[in-house]
Amino acid sequence: AEREIERIHERYAPLDQRVDELLANIRGACEKRPEESFNRANERQVEEFIARLAAEFPGVAVERQRLSTWALRTTRFNYIFTVPGESDDRIVLVAHYDTWRGPGADDNTTGEEIVKQYLLADLRAAAPPRLTHAYFLAGSEECGLVGLLSQLLLAIALQAATFALIQENWWYLLGALFAAPLASYRFGVSGSREYVRSLKENDLRKIRAVVSVDSVGEGRLYIPRGTMGADFLHVLIPFGDYDSLNDLLEEGAHLHGIKYNNFLAGGTTDHVSFLEVNNGLWQRLGDLARRALARIAGRAYTPPLRIPASALVAMVPGKASPVVFGGKIHTARDIPDRVYPGPLRET
């Protein structure tokens, strides 16, 4: 096992050197021009990174996807970088590059710079990877400032639905039905969700695993077992884990002596968009019915396509709360000085 770990790490620079580079890159990425918002600066810096890649690696495959008006929250584009491997089957490493209400050094410049670092290592490698590697910088993961408005719309929808039931008034019911879809506009991961929905089933079948890296600059590492969804139903009925993928990530943590937790209360990140494939509530019920019918008829049952996806997140108590002492996510306190080498090294 130790020889295998050494072989894997041979293609990368020494770990401490990589962490130092990450810290320097995070500091630079949080700078913006006076006339820019942080998210326009984020977009500009990704475009500058693409220009750098084109100069150093002519022909590198880059897909730039413009988000629709409905999907747009903060940043306007998804960026997908593909490194062809010996197989068309692929691994996807994803991080959102947008932020909300602050510089976003931890959330999520940490994940963005880690994705870039692995991409550069792949492009500089002497041989192609065994599987195709896709590096995905996702736009509009954050809710943006529509969050409060959509919560008000949700409250109006719930109140209208209550009045419709009590007073048997169809106008209230129509109002509730109109407001409820608008309330869903508050949820994040809209950029990666739009990308996943643009993929054909054959492309989805090629995805062997997805790992999202989000806010890994402070705290204990989490490898989630079970994920809250980015819609109302999946907050109440979370997605389960994929044992084989989570087992593999946990084995890597054990081999490197990394302590981690599994159950993270609240929050979503971009692997959710991949978990959503064939995993809605009605799709789950339909799958149960097909499974039962196949058993009754004595036929072989073919499960629907599901994509193994997990995440790496680092948290300390209060980190994700702007109202708790020490909280920094989604505040102006999410600065490079509060990004630490320990969790970066573990991630």
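The figures that follow rest on heavy atoms only: side chains count, while hydrogens, waters and symmetry mates do not. Bear in mind the structure is a predicted one, so any value in this text is a computation, not a measurement.
- The side chain to side chain donor-acceptor pair (under 3.5 Å) check on Ser192 picks up Asp270, Ser273, with sequence neighbours excluded.
- The hydrophobic cluster containing Ile207 also includes Ile80, Val92, Val94, Phe136, Tyr195, Val196, Leu199, Leu204, Val210, Phe274, Val277, Leu305, Ile307, under a criterion of side-chain heavy atoms closer than 4.5 Å among ILVMFWY residues, counted directly or through chains of members.
- Arg345 has a carboxylate O that lies under 4.0 Å from a charged side-chain N of Asp16, or vice versa, which qualifies the two as a salt bridge.
- Rounded to the nearest 0.5 Å, atoms CG (Asp287) and CZ (Arg306) are 5.5 Å apart.
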Passes salt bridge (charged side-chain N to carboxylate O under 4.0 Å, His left out), Asp89 versus Arg205? Steps please.
CA-CA 8 Å; Asp89 288 351; Arg205 289 190 179 278; over 6 Å; no
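- In the hydrophobic clustering, Phe263 connects to no other residue, as no ILVMFWY side-chain heavy atoms lie under 4.5 Å from its own.
- The aromatic ring centroids of Tyr97 and Tyr79 lie less than 6.0 Å from each other.
- Atom CG of residue Asn279 and atom CZ of residue Arg284 lie 4.5 Å apart, to the nearest 0.5 angstrom.
- Going from atom NZ of Lys116 over to atom CG of Leu137 covers 6.5 Å, rounded to the nearest 0.5 Å.
- The heavy-atom pair separating Asp107 from Thr99 by the smallest distance is O-OG1, 3.4 Å.
- Cation-pi contact between Arg18 and Tyr118: present, with separation from the ring centre below 6.0 Å and deviation from the ring axis of at most 45°.
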Test side-chain contact (heavy atoms from CB on, under 4.5 Å) on Ser215 and Lys319 and set out the steps.
CA-CA 10 Å; Ser215 305; Lys319 171 181 171 179; 4.2 Å; yes
Under the criterion side chain to side chain donor-acceptor pair (under 3.5 Å), I'd like the reasoning laid out for Gln117 against Glu113: C-alpha separation, chi angles, the key distance, then a yes or no.
CA-CA 6 Å; Gln117 191 180 75; Glu113 291 301 328; over 6 Å; no
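- Gln283 is not listed as a side-chain neighbour of Pro304, based on a closest heavy-atom distance of 4.5 Å or more.
- Tested against Asp98 for a side-chain contact (heavy atoms from CB on, under 4.5 Å), the candidates Glu141, Arg73, Arg76 yield a single pass: Glu141.
- Of the possible polar contacts, one joining the Ser190 side chain to the Ser140 backbone as a donor-acceptor pair under 3.5 Å is found.
- Leu67 forms part of no hydrophobic cluster, judged by ILVMFWY side-chain heavy-atom separations under 4.5 Å.
- Checked for salt-bridge contact, Arg124 and Glu56 meet the test: a charged N lies under 4.0 Å from a carboxylate O.
- For the pair Arg64 and Glu47, the salt-bridge criterion is met [side-chain N within less than 4.0 Å of a carboxylate O].
- Pairs engaging residues 23-32 under the side chain to side chain donor-acceptor pair (under 3.5 Å) rule: Arg27-Asp337 [sequence neighbours left out].
- Note that OG of Ser212 and CG of Asn108 are 7.0 Å apart. Values are rounded to the nearest 0.5 Å.
- Enclosure of atom CZ in Arg44 by more than 12 non-hydrogen atoms of other residues, nucleotides or ligands within 6.0 angstrom is indicated.
- Put simply, CE on Met315 and CD1 on Ile329 are 5.5 Å apart, with the number rounded to the nearest 0.5 Å.
- Put simply, Leu120 and Val62 are part of the same group of oily side chains (I, L, V, M, F, W, Y) that touch within less than 4.5 Å, one to the next.
- Salt bridge present: Asp106 and Lys328 bring a charged side-chain N and a carboxylate O closer than 4.0 Å.
- Scanning both residues, Arg40 and Thr75, for their nearest heavy atoms gives NH2-CA, 3.8 Å.
- Here the side chain of Thr132 pairs no donor or acceptor atom with the backbone of Arg90 at under 3.5 angstrom.
- With respect to the salt-bridge test (charged N to carboxylate O, under 4.0 angstrom), the residues Arg338 and Asp334 do not qualify.
- Side-chain atoms of Glu346 and Val216, non-hydrogen and from C-beta on, never get closer than 4.5 Å to each other.
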Pair Arg52, Glu48 - check salt bridge (charged side-chain N to carboxylate O under 4.0 Å, His left out), show working.
CA-CA 6 Å; Arg52 170 190 166 191; Glu48 290 171 352; over 6 Å; no
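- By the neighbour-count criterion of 12 heavy atoms within 6.0 Å, atom CZ of Arg208 is sparsely surrounded, having that number or fewer from other residues, nucleotides or ligands.
- Between Arg193 and Glu276, at least one side-chain N (NZ, or NE/NH1/NH2) sits under 4.0 Å from a carboxylate O, which counts as a salt bridge.
- Atoms CG and CD, on Leu344 and Glu21 in that order, are 12.5 Å from each other to the nearest 0.5 Å.
- With a 4.5 Å cut-off between side-chain heavy atoms of Ile, Leu, Val, Met, Phe, Trp and Tyr, the cluster of Val316 takes in none.
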